Amino acid sequence: GTNRETIRTGLSEESIRAAFLDNLFYLQGRFPEVATLNDQYKALAYTVRDRLLHRWVATTRAYQKANPRTVCYLSAEYLPGPFLGNNLLNLGIEEPTRRALAGLGIELDALLEHEEEPGLGNGGLGRLAACFMDSLATLQVPAIGYGIRYEFGIFDQVIRDGGQVETTDNWLRFGNPWEVRRPAIAYDVRIGGYTEQTTDAQGRFGVRWVPNEVFNGIAVDTAILGHGVNTVNLLRLWTAEAAEGFDFHAFNRGDYYGAVVREVRSETISKVLYPNDEPEIGKRLRLLQQYFFVTCSLQDMIRIHRTTGQPLDKFHEKFSVQLNDTHPAIAVAELMRLLVDEHQMGWDAAWEVTRHTFAYTNHTLLPEALEKWPIPLFQNVLPRHLEIIYEINARFLDEVRLRHPFDTARVQRMSIIDEAPPRFVRMAHLACVGSFAINGVAELHSRLLKETVLRDFFELWPEKFQNKTNGVTPRRFVMLSNPGLSRLLTRTLGAGWARDPSQLRVLERHADDAAFQQEWREVKRSRKEALAARILDRCNVSIDPDSLFDVQAKRIHEYKRQHLNVLHIVTLYNRIKFNPGLDITPRTFIFGGKAAPGYAMAKLMIRLINAVADVVNRDPDVAGRLRVVFLPNFSVKLGHGLYPAADLSEQLSTAGKEASGTGNMKFSMNGALTIGTLDGANVEIREEVGADNFFLFGLTAEEVVRTLAEGYRPWDIYNANLELKGVIDLIASGHFSHGDRTVFQPLVDHLVWHDNYLLLADYAGYIACQEQAGLTYRDSRQWTRMSILNVARMGKFSSDRTIAEYCRDIWRAEPMAVDV
Ligand code: 26Q
């Protein structure tokens with residue numbers, strides 16, 4: 001009756017409290033006096049999930065009825081962050097929930113803090129996918145995000161003796177209240193074996209793929225609710241299982257053990273996320289993972305399409321499928337296989353559908369990061385797909401030859417097959433050939449794509465190329481993580497800014513208003529105090545909230561140049577040591593980020609940061625002026641506390657190397673000023689906020705290329721700049737490594753002899769720019785003005801804008817409102 005309705009759907013404080021107690025009792029088997037924090041968290045999570053389910057069902061109904069065009073986002077990674085707070089926010093029930101719990105003596109913040117986030121991604125690319133899911137739902141665009149439900153996500157990072165140690169991320173240990181397992185939605189996944197020719201009753205030839213293993217993918221769904229709307233889209237992640245409980249054939253032979261072991265093997269497919277944000281050649285399991293989630297997703301789309309009663313040659317009218325980098329690019333061959341082999345469509349008709357279905361987003365220009373699979377491995381895992389790729393390639397290369405007769409070099413360059421032994425499948429080429437649209441993720445990146453890695457493809461199909469500058473969701477990264485700032489914004493501008501951040505421009509009027517500036521500083525100050533408390537608790541380092549918080553949080557990579565930041569820290573350290581009375585702006589340097597476990601230089605960079613931190617933080621000569629902190633295990637959740645507390649955002653990548661960056665946007669939206677190069681989206685951020693409100697340094701992408709081409713000699717720079725030499729020599733001397741001169745030698749040698757990422761070329765400019773930033777910080781009215789103007793002008797970088805552009809220019813997808 002009505003009472004039941006209320007307990008499952010009611011949004012008042014009373015219904016939430018009743019539902020919470022009900023769930024605590026019936027789901028956890030607990031009463032308040034004995035409930036653990038985890039019991040309380042789960043009871044609340046289920047209370048919130050009930051309120052989502054109700055909208056979820058309404059959305060599914062509405063989609064079934066209207067049969068709208070649907071966006072399918074294919075991504076091997078998602079980093080959604082903790083769900084509880086975001087769902088409360090999007091439902092608009094944070095306050096009644098807080099009161100409902102307070103009435104029971106429970107603090108909502110403690111439950112929010114308890115949630116373990118799904119770390120199903122490495123960094124930017126996975127987080128972008130999650131922002132896109134948020135914006136799609138908020139814009140009410142029908143969409144499904146497909147991916148892999150890794151049992152173990154990105155490793156947990158601990159710092160031991162100054163170095164990174166990885167431990168497993170057992171995120172499902174206490175169960176996951178947000179997911180709904182759908183055992184009825186399961187598909188066969190075949191691997192290995194061989195192919196043979198078949199003839200049907202009409203004498204037509206076909207191909208049969210006889211695999212040597214079959215297992216299942218099972219759907220596990222998570223609701224993605226939009227902000228202030230009823231739309232709930234699906235995040236559908238696949239988990240691998242054995243096709244049957246046991247292999248009858250093996251069982252009859254008495255090989256019961258073998259049958260069970262086989263089952264364990266199939267489950268390893270979705271066991272663990274690869275923690276590298278670059279491909280490693282020849283990782284068979286990684287190829288299996290990619291194929292696994294792609295075939296399940298495409299079979300699912302075909303099933304959905306068939307429920308509409310439409311024929312398969314209209315598949316591309318129902319779905320637009322976005323490939324998040326090349327990780328799902330095997331989809332081009334798999335859709336061909338499903339259409340031709342499984343649904344008896346002719347090759348040409350199938351190719352028409354396929355090339356109108358896919359669009360491809362590239363996220364990197366680094367040649368070592370372009371995926372390619374050795375043919376022997378590929379053949380072994382996906383023999384039928386290799387045949388299909390050869391056929392696609394033969395037809396494609398004919399087209400190239402028609403356009404460019406006699407240009408055999410071009411044909412070789414463009415081929416999907418790299419002929420250098422042992423021969424490889426180039427996944428980016430497969431993605432380009434099979435897609436109707438190709439995009440980069442920032443203006444500069446999209447331009448460089450056309451000029452460098454995808455130049456031949458641009459010359460052949462200029463109309464396919466687009467730019468879609470990345471964005472981030474202002475709901476999670478401002479409203480949720482910075483409620484103080486949000487309240488100030490809403491009080492000043494009204495509540496519309498979170499859905500229409502162009503309204504933030506009105507803040508410009510208040511940029512010089514002393515009273516408003518004071519409130520602005522109080523918000524920042526309170527976030528800095530909160531971060532200081534957390535750092536004292538976690539790292540046992542006390543930091544001064546009045547100091548300039550200078551933050552670099554991102555994956556550790558040579559091209560991102562965390563070690564350039566370290567060179568600056570050591571420069572200041574030396575300046576104070578040589579001149580103890582030096583009057584400099586007190587700073588706290590905060591780092592966060594994980595290194596790929598096999599990336600030795602990145603791990604050495606972490607060691608260097610911690611070694612410098614150790615010496616600097618213990619040296620009384622610099623106390624009160626310099627502090628260095630490495631915050632372990634950076635995650636979406638830690639980001640919530642970090643972005644709002646930052647004064648200065650470090651965006652130091654060598655120009656031309658960072659495709660976009662998205663952390664840069666999160667910092668600036670929270671009022672941090674950026675010190676950065678003209679790389680990725682930094683270029684556009686600077687354009688928006690104004691050159692006066694951005695600390696720019698460094699070579700341009702063109703200058704970087706020219707410098708390297710002209711025979712770059714870092715050794716000469718090292719010898720010519722005495723301050724730089726002093727810094728590098730101090731590191732080499734063992735000053736930061738208990739006298740051990742060997743530890744950092746690889747890093748130092750690399751810098752003075754190779755320096756592929758041009759730290760030494762950019763050093764002097766960076767130091768001068770940092771000095772400017774430090775001086776500006778002392779003028780608190782000027783700094784606050786710049787901070788306000790940054791927030792006022794960051795509207796462009798809402799992922800809502802990005803998604804609206806994808807919908808308009810690529811997906812041809814339209815919003816569809818849902819009523820409950
Ligand atoms: C590929 C094959 C095998 C194993 C791993 C991988 C792999 C996994 C993850 C390759 C790359 C990634 C992640 C890349 C990534 O995060 N790129 C970032 O994408 C962001 C969103 O567009 C950009 O803002 C960043 O500039 C870009 O570095």
Side-chain angles (χ1 to χ4, degrees), residues 79 113 116-117 119 121-123 152-171 273 275-277 530-543 549-558 560-570 573 587-619 622 626-643 645-646 650 652 663 731 734-740 742-748:
L79 276 175
E113 191 51 44
E116 182 147 14
E117 72 175 77
N122 276 285
F152 296 91
I154 187 73
F155 61 85
D156 282 327
Q157 177 193 56
V158 269
I159 301 299
R160 213 172 280 155
D161 301 326
Q164 169 176 294
V165 174
E166 301 90 20
T167 66
T168 53
D169 160 55
N170 193 359
W171 72 289
L273 167 79
N276 306 324
D277 49 7
L531 181 62
R534 183 174 289 244
I535 285 175
L536 183 61
D537 182 52
R538 294 217 182 180
C539 317
N540 200 26
V541 180
S542 73
I543 62 175
F549 279 17
D550 181 331
V551 187
Q552 188 168 21
K554 49 181 79 238
R555 285 297 287 239
I556 312 293
H557 250 287
E558 286 165 281
K560 295 178 190 280
R561 302 199 294 190
Q562 281 90 353
H563 43 348
L564 180 58
N565 191 338
V566 176
L567 294 182
H568 173 236
I569 298 171
V570 178
Y573 176 79
R587 292 202 195 216
T588 301
F589 294 91
I590 301 169
F591 292 85
K594 294 176 182 179
Y599 187 174
M601 191 57 85
K603 287 186 143 176
L604 194 53
M605 288 162 67
I606 293 181
R607 250 183 211 293
L608 178 63
I609 295 166
N610 282 302
V612 169
D614 230 41
V615 170
V616 167
N617 296 347
R618 280 190 291 107
D619 190 332
V622 301
L626 293 184
R627 271 265 187 276
V628 183
V629 180
F630 188 95
L631 198 54
N633 210 25
F634 183 61
S635 60
V636 177
K637 195 175 178 181
L638 281 188
H640 289 209
L642 210 51
Y643 300 117
E650 299 272 353
L652 311 181
I731 295 170
H735 187 78
F736 301 105
S737 39
H738 312 283
D740 186 339
T742 61
V743 190
F744 298 118
Q745 200 187 339
L747 192 146
V748 166

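Predicted, not measured: the structure shown is a model, and the values here were computed from it.
Considering CZ of Phe591 and CE of Met605, their distance stands at 9.0 Å, rounded to 0.5 Å. For the atom pair CD of Glu650 and CD of Gln562, the computed distance is 10.0 Å after rounding to the nearest 0.5 Å.
For Arg561, the salt bridge (charged side-chain N to carboxylate O under 4.0 Å, His left out) test picks out Asp762, with sequence neighbours left out. With sequence neighbours excluded, the residues that form a side-chain contact (heavy atoms from CB on, under 4.5 Å) with Asp277 are Asn122, Arg555, His557. Here His568 pairs with Phe589, Tyr766 under the ring-ring contact (aromatic ring centres under 6.0 Å, His included) rule; sequence neighbours left out. Lys603 meets the side-chain hydrogen bond (donor to acceptor under 3.5 Å, both in side chains) test with Glu166; sequence neighbours excluded. In this structure Ala646 satisfies the side-chain contact (heavy atoms from CB on, under 4.5 Å) test together with Val551, Phe667, Ala672, sequence neighbours excluded. With sequence neighbours left out, Asp169 forms a side-chain hydrogen bond (donor to acceptor under 3.5 Å, both in side chains) with no residue at all. Taking Arg534 as the reference, Glu113 meet the side-chain hydrogen bond (donor to acceptor under 3.5 Å, both in side chains) condition, with sequence neighbours excluded. Under the side-chain contact (heavy atoms from CB on, under 4.5 Å) criterion, Leu604 pairs with Met601, Arg607, Val743, Phe744, Pro746, Leu747, sequence neighbours left out. Every residue two or more places apart in sequence or in another chain was checked for a salt bridge (charged side-chain N to carboxylate O under 4.0 Å, His left out) with Asp740, and none qualifies. Take Tyr573 and apply the side-chain hydrogen bond (donor to acceptor under 3.5 Å, both in side chains) test, not counting sequence neighbours, and it matches Asp619, His735. In terms of the side-chain contact (heavy atoms from CB on, under 4.5 Å) criterion, residue partners of Asn170 (sequence neighbours excluded) are, by chain and number, Phe152, Arg173.
Put simply, the side chain of Gln552 never gets that close to the backbone of Asn565: no donor and acceptor are under 3.5 Å apart. Looking at Gln164, its side chain does come within 3.5 Å of a backbone N or O of Ala595 through a donor-acceptor pair.
Counting heavy atoms from C-beta on, the side chains of Ile731 and Phe736 come closer than 4.5 Å.
Contacts classified as salt bridge (Lys or Arg N to Asp or Glu O under 4.0 Å) and involving residues 589-598 (residues at least two apart or in different chains) are not found.
When all heavy atoms of Leu626 and Ile569 are compared, the closest pair comes out as CD1-O, 4.2 Å. For the residue pair Arg627 and Ser542, the shortest heavy atom distance occurs at NE-O, 2.6 Å. Cys539 approaches Leu631 most closely through the heavy-atom pair SG-CD1, 3.9 Å. Closest heavy-atom contact between Ala553 and Phe634: CB-CZ, 3.7 Å. Taking both residues in full, the closest heavy atoms of Gly162 and Asn610 are given as O-ND2, 3.2 Å, listed atom of the first, atom of the second, then distance.
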